[in-house]
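Below is one structure; the comments refer to it alone.
Ligands are counted one by one from 1 in listed order, and the atoms in each one are counted from 1 as well.
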Amino acid sequence: MKKRKTALVTGANKGIGREISKKLIKKGIQVIGTSRTKNGVNVINSYLKKNGFGFILDLKNTNSIPEKIKEIFKKINFIDILINNAGINEDNLLIYMSPRQWEDTIKVNLTAVFYMSKSIVRSMIKKRKGRIITISSVVAYTGNKGQINYSAAKSGLIGFHRSLALEVASKGITVNIVSPGLINTDLIKNLNYFQYKRYLSLIPMKRLGTTQDIANAVIFLSSSKASYITGQTLHINGGMYMS
Ligand SMILES: NC(=O)c1ccc[n+]([C@@H]2O[C@H](COP(=O)([O-])OP(=O)(O)OC[C@H]3O[C@@H](n4cnc5c(N)ncnc54)[C@H](OP(=O)(O)O)[C@@H]3O)[C@@H](O)[C@H]2O)c1
């Protein structure tokens, strides 16, 4: 019998991460879904059923990541697919932004991806196979008032992934980014009516994206159909930005 593939998805308790995980298990892939909290892990375990397990991982605590990944490797042999999905925004204009807002946003959105990838890529190199897919954002390309921290972290991911893609291309590992526009999740729940209307006016398709729109692209990049694609950013934004 063919062994099941395993994917690790960060921030799998809700939003885009949850949708990605659900689609992965439909493809027969077992999922390790991470969450900051016990509650989040319960949510993950309840939809995964026997198709994997939830695991507590606070990405703000970047130094803890290598140990946590070691713990995961005690339970499973190999992670075929790493999906760096979790992210936060702590918006403020530069003049009002606190060092904490800057540092936390860089930590969760960028530094944690360094620790996650470093902790997992070595085993992928040994097996000469693997997929790393990370969620960036349209604001990595366009910039956005009030999001210098978030857009700096998300565009930092672009250089990170291009460089890593070059480092591991000959080892059978692909490294790609999915860059969403405005997606209907809790991440944008703090937008007021006027901000929402303004953003909508910037989207040629005149609708927000759905978690399915993003998850479908992630599933494609994690499949064998995408085996010759590496170092790329796939933009999914209803025409809001075209590269
Ligand atoms: N929604 C959009 O419009 C949009 C646009 C562009 C890019 N993105 C990106 O898409 C990804 C998913 O976002 P989403 O829209 O699905 O947002 P979401 O519904 O707010 O989900 C974010 C996920 O990240 C987790 N997370 C936050 N801080 C964490 C930490 N310190 N440690 C571990 N996990 C943490 C959250 O866990 P908790 O529930 O425990 O906080 C949650 O599972 C993010 O990288 C985001 O930047 C979203």
Side-chain angles (χ1 to χ4, degrees), residues 8-23 31-45 47-48 54-65 68-69 72 82-91 100-101 103-113 115-116 133-144 147 149-158 160-161 177-191 195-196 198-200 202-203 205 207-215 217-218 233-238 240-241:
L8 189 155
V9 182
T10 62
N13 54 306
K14 64 179 185 177
I16 294 169
R18 179 181 165 132
E19 189 61 34
I20 293 169
S21 304
K22 285 184 164 179
K23 287 202 187 300
V31 170
I32 302 156
T34 79
S35 171
R36 265 181 331 132
T37 62
K38 182 87 184 68
N39 263 355
V41 164
N42 289 342
V43 169
I44 294 167
N45 283 333
Y47 75 74
L48 283 181
F55 192 87
I56 291 190
L57 183 62
D58 184 351
L59 296 172
K60 211 178 275 180
N61 191 357
T62 48
N63 290 332
S64 74
I65 294 174
K68 294 281 181 186
I69 299 299
I72 290 175
L82 166 62
I83 302 186
N84 293 302
N85 161 75
I88 54 165
N89 55 357
E90 290 255 13
D91 299 353
R100 187 200 59 75
Q101 287 179 312
E103 276 155 23
D104 284 355
T105 305
I106 298 292
K107 255 191 197 164
V108 175
N109 295 319
L110 180 60
T111 311
V113 173
Y115 282 100
M116 290 297 298
I133 300 154
T134 296
I135 311 296
S136 176
S137 167
V138 68
V139 303
Y141 291 83
T142 60
N144 197 17
Q147 291 198 311
N149 51 357
Y150 184 75
S151 58
K154 293 296 192 183
S155 50
L157 291 173
I158 312 295
F160 178 102
H161 283 69
I177 283 199
V178 168
S179 183
L182 212 62
I183 310 302
N184 195 4
T185 70
D186 283 354
L187 200 82
I188 61 162
K189 69 172 186 257
N190 290 332
L191 292 181
Q195 288 169 316
Y196 174 76
R198 192 178 73 78
Y199 281 126
L200 210 56
L202 299 174
I203 305 171
M205 286 190 184
R207 70 162 176 91
L208 297 186
T210 64
T211 55
Q212 286 95 327
D213 290 326
I214 305 306
V218 172
T233 298
L234 187 44
H235 295 276
I236 303 170
N237 56 36
M240 191 179 178
Y241 170 81

* With heavy atoms under 4.0 Å as the rule, classify the contact between Ile88 and ligand 1 as side chain, backbone, both or neither. =>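 It is the side chain that touches ligand 1; the backbone stays farther off.
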* Considering only heavy atoms, does Ile188 approach ligand 1 within less than 4.0 Å through its side chain, its backbone, both, or neither? -> side chain
Can you name the closest pair of heavy atoms from [X] and [Y] and give their distance?
{"X": "Val108", "Y": "Gly87", "answer": "CG1-CA, 4.2 Å"}
{"X": "Ile236", "Y": "Val178", "answer": "CD1-CG1, 3.8 Å"}
{"X": "Ser21", "Y": "Gly17", "answer": "OG-O, 2.8 Å"}
{"X": "Ile56", "Y": "Lys38", "answer": "CD1-N, 3.6 Å"}
{"X": "Thr185", "Y": "Gly15", "answer": "CG2-CA, 4.1 Å"}
{"X": "Leu182", "Y": "Ile188", "answer": "CD1-CG2, 3.9 Å"}

Starting from [atom], locate the nearest protein heavy atom and write down its residue, its atom name and how far away it is, to 0.1 Å.
{"atom": "atom 13 (O) of ligand 1", "result": "Ile16 CD1, 4.2 Å"}
{"atom": "atom 3 (O) of ligand 1", "result": "Ile183 N, 2.8 Å"}
{"atom": "atom 18 (P) of ligand 1", "result": "Lys14 CE, 3.8 Å"}
{"atom": "atom 39 (O) of ligand 1", "result": "Asn13 ND2, 2.9 Å"}
{"atom": "atom 31 (N) of ligand 1", "result": "Asp58 OD1, 2.9 Å"}
{"atom": "atom 9 (C) of ligand 1", "result": "Ile135 CG2, 3.6 Å"}
{"atom": "atom 45 (O) of ligand 1", "result": "Asn85 O, 2.7 Å"}
{"atom": "atom 8 (N) of ligand 1", "result": "Tyr150 OH, 3.5 Å"}

Say whether, by atom type as modelled, one donor and one acceptor occur between the side chain of [X] and the main chain of [Y] under 3.5 angstrom.
{"X": "Lys60", "Y": "Ala112", "answer": "no"}
{"X": "Thr10", "Y": "Asn84", "answer": "no"}
{"X": "Asp213", "Y": "Thr210", "answer": "yes"}

Under a 4.0 angstrom heavy-atom cut-off, which atoms of ligand 1 come close to [X]?
{"X": "Leu182", "value": "3 (O)"}
{"X": "Val108", "value": "31 (N)"}
{"X": "Leu57", "value": "32 (N), 33 (C)"}
{"X": "Ala86", "value": "24 (O), 25 (C), 26 (N), 34 (N), 35 (C), 45 (O)"}

I want to know if ligand 1 touches [X] in the polar sense, i.e. an N/O pair below 3.5 angstrom.
{"X": "Gly11", "answer": "yes"}
{"X": "Thr37", "answer": "no"}
{"X": "Ser137", "answer": "no"}
{"X": "Leu59", "answer": "yes"}

* To do: Could you check Thr142 against Met240 for side-chain contact (heavy atoms from CB on, under 4.5 Å), going step by step and ending with a plain yes or no?
  => CA-CA 10 Å; Thr142 60; Met240 191 179 178; over 6 Å; no
Is there a heavy atom of [X] sitting under 4.0 angstrom from any atom of ligand 1?
{"X": "Ser136", "answer": "yes"}
{"X": "Gly181", "answer": "yes"}
{"X": "Thr10", "answer": "no"}
{"X": "Lys154", "answer": "yes"}

* To do: Report yes if the side chains of Met116 and Leu59 come closer than 4.5 Å at any heavy-atom pair, otherwise no.
  => yes
* **Close side-chain approach of Gln147 and Asn89, heavy atoms under 4.5 Å** => yes
* Report the member of Gly15, Gly33, Gly87 with the shortest heavy-atom distance to atom 22 (C) of ligand 1. => Gly87
* Check step by step if side-chain contact (heavy atoms from CB on, under 4.5 Å) holds for Ser136 and Ile158. => CA-CA 8 Å; Ser136 176; Ile158 312 295; 3.8 Å; yes
* To do: List the steps and the verdict of side-chain hydrogen bond (donor to acceptor under 3.5 Å, both in side chains) for Tyr241 and Ser179.
  => CA-CA 10 Å; Tyr241 170 81; Ser179 183; over 6 Å; no
